[in-house]
Asker: 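Dropping a structure here in structure tokens format, bear with me for questions.
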Amino acid sequence: REHDCTGRLVLPGLVDVHVHLREPGMTEKEDFGSGTRAAAAGGVTTIVDMPNTSPPVTTAARFAEKLELVRDKAHVDFGLYGMIDHDNADEIAGVAAQGAMGLKLFMGQTTGDNRCPDDAAIFRGLEAAAREGLVVGVHAENDHILRMLIDRLRASGRTDPRAHLESRPDFIETEAVTRIITLATEAGAQLHIHHLSSAAGLRRLVNLRAEGHRVTAEALVSHLLLDDSAYDTHGNLIKLNPPIRPAGDVAALWAGIDRGDLDMVATDHAPHTCAEQAETDVWRAYGGFIGVETMLPLMLTEAARGRLTVSDVVRLCSYTPARRWSMPGKGHIAPGFDADLVVVDPDREYPLDASGLHSKHNATPYAGWPLRGAVETTFLRGTIVHHDGEIVGPPSGRQVRPRPVPNRGTR
Ligand code: DOR
Ligand code: ZN
Ligand code: ZN
């Protein structure tokens, strides 16, 4: 079959290693069908789904149930994370055997109560991950201190969106980054820091790498494109853990991208219902918002503005994540790789139309943003799964399992 790509760019499909598609148990927010349709329409051909569902994916049996539940609904290929909690080290081998892409560790509070703030429990989980050679992806925030700060702010009567930022000053992140890198090295676990968000956290990461610690880190599209001035416009819609921060932190993240200190970019696609997103009391509001469908258009727009190159976008959003998680056949256009391709029109200019998004709920801070660069066609393993905003064909996504790698630890 032929496909006319005159005047277009053909890129490897994006690999978004940080999405929350909410199955099982939170399907009023999103499900595997809607979330992977959004991915396909955004040129994302592989996603890694997070385990903070209801119930959370903490056991081998729950991993099996989740796989069964989602496997026939996916319009793109998917990896699944298991999770480290305070008492599940015995389950990790069974989770790994089913092809888990990695294990999520929530050091701090997030959607669902999956926190594992206790250092001994964290260490046991890291040891179990190391035995199985699984990447541990960490949400690095100090839970004890952020909860103390939330209590203080509440007691003072604050309920506005900026209070959330004030409850999570940068040392909340820096301290957790320091601790988890220290513990992961001792345990011999492979470590990835999800959504690194602060200038100070990034400086600490760079310093610890200079001491010989091996760790990868991701920035979110939202942390790169929004700063705290957006609280005035968007209120709790942009409540995010870790928070959208002042412009100085955003500049530091871009500098980290330029220097190669931040290895990759992901979305933290974290859907909630429109009613939940409209909550005005910051302590009742959920963190997170959608993003998987808008990642590539937004990043192409940054490329068109000269912030980075299209090759940088491919490296950050496809090649590096696929390599980091040892995804066979992903992240590159070459013989031996899957024909996961996205055809983009790099020159098309248009405003982002939130009503055309494929998620169950379309609240996004990027509505109406002027874009340059449009996703036209998405191929999954050689077959068109999306064209011009329409999903094509039944779900054909498959589970991606990491190629087993010898665990060389973090140092
Ligand atoms: O704001 C967030 N929302 N941060 C997370 O880490 C999780 C996510 C969610 O699941 O809603
Ligand atoms: Zn997180
Ligand atoms: Zn997340």
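Just so you know, ligand 1 is whichever comes first in the structure, and atom 1 is the first atom listed for that ligand.
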Asker: What protein heavy atom lies closest to atom 5 (C) of ligand 1? Include the residue and the distance to one decimal.
Answerer: Thr110 OG1, 3.0 Å
Asker: As an exercise, identify every atom of ligand 1 less than 4.0 angstrom from a heavy atom of His272.
Answerer: 11 (O)
Asker: For ligand 1, which atoms sit closer than 4.0 Å to a heavy atom of His195?
Answerer: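 Checking each atom against His195, I get 6 (O).
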Asker: Write out the residue and atom name of the closest protein heavy atom to atom 6 (O) of ligand 1, then the distance separating them to 0.1 Å.
Answerer: His139 ND1, 2.9 Å
Asker: Centres of the Tyr81 and His194 rings: under 6.0 Å?
Answerer: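 Yes, close enough.
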Asker: Side-chain contact, heavy-atom cut-off 4.5 Å: Phe171 with Asn142?
Answerer: no
Asker: With the threshold set at 4.0 Å, does a side-chain nitrogen-carboxylate oxygen contact exist between Arg115 and Asp143?
Answerer: yes
Asker: Check the orientation of His139 and Phe106. Use parallel for under 30°, tilted for 30 to 60°, and perpendicular for over 60°.
Answerer: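 The arrangement is tilted - the two ring planes meet at 30° to 60°.
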Asker: Would Arg22 count as a contact of ligand 1 if the rule is a heavy atom under 4.0 Å away?
Answerer: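 Arg22: in contact with ligand 1 (<4.0 Å).
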Asker: State plainly whether the residues Arg162 and Glu166 are in salt-bridge range, i.e. N to O under 4.0 Å.
Answerer: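 No, this pair does not count.
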Asker: When you measure from the Zn ion (ligand 2) to each N, O or S atom of His195, which atom gives the shortest distance?
Answerer: NE2
Asker: What about the rings of His20 and His269, do their centers lie closer together than 6.0 Å?
Answerer: no
Asker: Regarding ligand 1, does Ala270 bring an N or O atom to under 3.5 Å of one of the ligand's N or O atoms?
Answerer: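 No.
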Asker: Parallel, tilted or perpendicular: which describes the rings of His272 and Tyr286, with under 30° parallel and over 60° perpendicular?
Answerer: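 It falls in the parallel class, under 30°.
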Asker: If we count only N and O atoms by modelled type, under 3.5 Å, do the side chains of Ser359 and Glu30 hold a donor and an acceptor together?
Answerer: yes
Asker: Can you tell me which portion of His164 lies within the under-4.0 Å heavy-atom range of ligand 1? Options are side chain, backbone, both, or neither.
Answerer: neither
Asker: Above 12 or not: heavy atoms from other molecules or residues under 6.0 Å from OH of Tyr319?
Answerer: no
Asker: What N, O or S atom of His18 is found closest to the Zn ion (ligand 3)?
Answerer: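 The closest N, O or S atom of His18 to the Zn ion (ligand 3) is NE2.
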Asker: Which residue owns the protein heavy atom closest to atom 3 (N) of ligand 1, what's the atom, and how far is it?
Answerer: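 The closest one turns out to be Gly287 O, 3.1 Å.
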Asker: Heavy-atom pairs closer than 4.0 Å: do any link ligand 1 to the side chain of Met50, the backbone, both, or neither?
Answerer: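 Neither part.
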Asker: Using a strict 4.0 Å cut-off to heavy atoms of Leu240, name the atoms of ligand 1 that fall inside it.
Answerer: 1 (O)
Asker: So, for His164 and Trp283, is the gap between ring centers shorter than 6.0 Å?
Answerer: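 Not close enough - the centres of the two rings lie 6.0 Å or further apart.
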Asker: Identify the two heavy atoms, one from Arg245 and one from Pro169, that lie closest to each other, and give their separation to 0.1 Å.
Answerer: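 Looking at all heavy atoms of both residues, the closest pair is NH1-C, 4.0 Å.
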Asker: Starting from atom 1 (O) of ligand 1, locate the nearest protein heavy atom and write down its residue, its atom name and how far away it is, to 0.1 Å.
Answerer: Asn241 N, 2.9 Å
Asker: Using the Zn ion (ligand 3) as the vertex, how large is the angle between OD1 of Asp268 and NE2 of His20, rounded to 10 degrees?
Answerer: 90°
Asker: Find, among atoms of His139 that are N, O or S, the one nearest to the Zn ion (ligand 2), and state its name.
Answerer: ND1
Asker: What protein heavy atom lies closest to atom 11 (O) of ligand 1? Include the residue and the distance to one decimal.
Answerer: Thr111 OG1, 2.6 Å
Asker: Residue-level breakdown please: for Lys239 versus ligand 1, do any non-hydrogen atoms fall below 4.0 Å on the side chain, on the backbone, on both, or on neither?
Answerer: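 Looking at Lys239 and ligand 1, no heavy atom falls under 4.0 Å.
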Asker: Quick one: does Asn52 get an N or O within less than 3.5 Å of an N or O on ligand 1?
Answerer: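 Among all N and O atoms of Asn52, at least one is under 3.5 Å from an N or O of ligand 1.
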